[in-house]
Amino acid sequence: MSTIWQLLEEHRAKTAEVPILSLFQDEGRFDDFSAEQDELLLDFSKTSLDSTALDLLVQLTESVQLEEKIDALFRGDPINTTEGRAVLHTALRAQADTPILLDGKDVLLGVRDTLARMEQFAQDIHSGRITAADGGSFTDVINIGIGGSDLGPAMATLALAPYHTGPRCHFVSNVDGAHVHDTLQNLDPRRTLVIIASKTFTTIETMTNGNTALVWLREALGDKATEHLTAVSTALDKTTAFGIAPDRVFGFENWVGGRYSLWGPIGLPILLAIGSDSFRQFLQGAAAMDDHFRTAPMRVNLPVLMGLVGIWHNNICGYGSRAVLPYDQHLQRLPAYLQQLDMESNGKQVAQDGTPLPRASGPVVWGEPGTNGQHAFYQLLHQGTAVVPAEFLIAAEGHSPELAHHHQLLKANCLAQSEALMCGRSNAEATVVASERGFEGDERERMAAHLSFPGNRPSTTIAYPKLTPFVLGQIIALYEHRVFTEGAIWGLNSFDQWGVELGKELAVALLPMVDGAPSDGKDGSTSGLLDKLSQNTAKQT
Ligand SMILES: O=P(O)(O)OC[C@H]1O[C@](O)(CO)[C@@H](O)[C@@H]1O
């Protein structure tokens, strides 16, 4: 164990009982334990971090050479060592013309060329220059993809609803036929453009849904069905084999990981929904965060600070999950998006060199927008036996001036929750509340136990003026680099995902058994369930 980890643990042991609230006796705490970058403020003053802990955590970044690792990321070194790839999603949003060389070639040339093609395509759809097979306009777009080819575009398209100027976008991901069925049944194939989005163009869910959509288009359009198809992929041979015209295919390179891919062609639905100007602002927001991550000192670097708070909570305090709580209905898919970004990246058990990790890696990430979550799981956040660090997001202003009173309520609720988590309610205060509610004697004591809140529960808050495309770009890049920071400190590879392979292989092997082949060699539970499910199918037919 390195000395810094030991020092952090010793410091935690000494300070674990110190109430977070008492740290505010230092009047400068909010300023010292918050940081800003352009439109974003990160407040981490409502955590148990003090300056000793923060200094040690910053030393930790030095001991793992975080700065050098950040440089290697942006330089395009092959840091995804199990797949032998560079990790250059940042090139998709780079604003400067400084070449980014990979194998001697500037990747920016291809990136800019593809972006220009995507923009032209979106403009042509908006203006009606590209029409549906019958000469009418496309009013709806279905994006068929899963994982990184769905969550990012779906989350961002929804987040930027106030900026939509283009066709309505729908997203189909699940192989459950209900998803594609329920989506198609409300749409007119003559007015619908289908994007098949798959980095590999082999993912079984996407190819199954893609084929179903093609049949649906063919029934209405016959041979002209493929005129309603577009593909986004790195596998151009496979998109051609699917029958999609090359000028309707937007390619990207394998140095863009699936869960980091919404900045390029996988972001086509976002671009179609919001148009070029807003999409460029989205990229600019992310690029501004990139510059900040590369250049800001660790002590004021937002993604680094968020990563360090995560390390403190996970490894030093032993909190094994974190809740993402956007007080922003437009960010309702952010928790699901972050589950993939964070857990597929850092849910690993071995270091880059294959040796077991000496300490916990990625925590469980979950969440829901506020205020909905308040009426569901916040009970556990406030009074449960597990401590879950909460991550709030809140805008100063909403998008509907006529509903400003809603937004004031939203802000009050967001701040009330972080305050309640930190301050709690002591037994003495709870006893007063119990008296006010008419309880006396032993009953008052019993009720006070139920009405008291332990408090001292940590939270961070990301505040921004308004959820614009630029701000959304900043927020997503902030989380991406936070994941990078944590992964770099744990020494793992944040850019592969071998853990999803086994289930995929077994599903392929199980399919014939689901269709009735003998389940020889399967464990008792799996064959029992196969049996039961085939009996149930038989009853229904
Ligand atoms: O874009 P593709 O190749 O269809 O992959 C979809 C998703 O599947 C995964 O490979 C894991 O299942 C993700 O990493 C990826 O985002």
Side-chain angles (χ1 to χ4, degrees), residues 79-89 92 114 118 142-157 171-176 179-180 194-214 229-242 244 249-270 333-348 362 365 476 479-480 483-484 487 492-511:
I79 59 172
N80 177 355
T81 52
T82 60
E83 295 180 315
R85 290 176 187 165
V87 175
L88 271 175
H89 50 276
L92 299 174
T114 306
M118 286 165 61
I142 309 176
N143 186 80
I144 296 181
I146 196 163
S149 301
D150 165 72
L151 287 163
M155 177 274 293
T157 303
F171 294 85
V172 170
S173 52
N174 200 332
V175 77
D176 182 344
H179 202 177
V180 70
V194 174
I195 302 174
I196 304 183
S198 174
K199 180 175 168 181
T200 54
F201 230 70
T202 57
T203 304
I204 197 139
E205 291 93 333
T206 302
M207 300 327 295
T208 306
N209 282 323
N211 279 308
T212 301
L214 183 55
L229 283 184
T230 297
V232 175
S233 186
T234 57
L236 303 189
D237 51 332
K238 297 194 174 71
T239 57
T240 310
F242 197 87
I244 303 175
V249 178
F250 299 92
F252 61 105
E253 305 291 336
N254 69 9
W255 39 258
V256 181
R259 54 194 175 273
Y260 298 88
S261 60
L262 79 172
W263 313 104
I266 290 288
L268 186 60
I270 314 172
R333 294 291 285 158
L334 184 70
Y337 164 78
L338 289 180
Q339 283 180 326
Q340 188 199 15
L341 178 66
D342 204 326
M343 296 203 279
E344 200 171 75
S345 296
N346 285 345
K348 309 285 164 68
V365 179
I476 302 172
Y479 277 103
E480 285 180 350
V483 165
F484 181 88
L492 50 77
N493 181 357
S494 298
F495 299 103
D496 58 11
Q497 55 284 318
W498 299 108
V500 299
E501 296 297 322
L502 181 59
K504 287 187 195 173
E505 284 164 24
L506 292 179
V508 171
L510 272 161
L511 189 55

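Keep in mind that what you see is a predicted model, and the values were worked out from it rather than measured. Every number for a ligand or one of its atoms is a count from 1 in the order of the listing. The figures that follow rest on heavy atoms only: side chains count, while hydrogens, waters and symmetry mates do not. Numbering of residues begins at 1 and proceeds along the displayed sequence.
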What atoms of ligand 1 come within less than 4.0 Å of a heavy atom belonging to [X]?
{"X": "T203", "answer": "2 (P), 3 (O), 4 (O), 5 (O)"}
{"X": "V500", "answer": "11 (C), 12 (O)"}
{"X": "G148", "answer": "15 (C), 16 (O)"}

In Å, rounded to the nearest 0.5 Å, how long is the span from [atom1] of [X] to [atom2] of [Y]?
{"X": "M118", "Y": "F252", "atom1": "CE", "atom2": "CZ", "value": "10.5 Å"}
{"X": "Q497", "Y": "E344", "atom1": "CD", "atom2": "CD", "value": "5.0 Å"}
{"X": "T82", "Y": "L492", "atom1": "OG1", "atom2": "CG", "value": "11.0 Å"}
{"X": "L268", "Y": "L262", "atom1": "CG", "atom2": "CG", "value": "12.0 Å"}

Which of these, [options], has its nearest heavy atom closest to [atom]?
{"atom": "atom 7 (C) of ligand 1", "options": "I266, I196, I146, T202", "answer": "I146"}
{"atom": "atom 1 (O) of ligand 1", "options": "G503, G147, S149", "answer": "S149"}
{"atom": "atom 13 (C) of ligand 1", "options": "E501, E344, E205, R259", "answer": "E344"}

- Message: Tell me whether L511 at atom CG has more than 12 heavy atoms from other residues, nucleotides or ligands lying less than 6.0 Å away.
- Response: yes
- Query: Any side-chain heavy atom of P265 within less than 4.5 Å of one from T114?
  - Reply: yes
- Item | Within reach of ligand 1, part of K199 (heavy-atom separation under 4.0 Å) | both
- Query: Is it the side chain, the backbone, both or neither of T200 that has a heavy atom closer than 4.0 Å to ligand 1?
  - Reply: both
- Among all protein non-hydrogen atoms, which one is nearest to atom 10 (O) of ligand 1, and what is the separation to 0.1 Å? K504 NZ, 3.9 Å
- Item | Name of the residue among T212, I142, T206 meeting side-chain contact (heavy atoms from CB on, under 4.5 Å) with V172 | I142
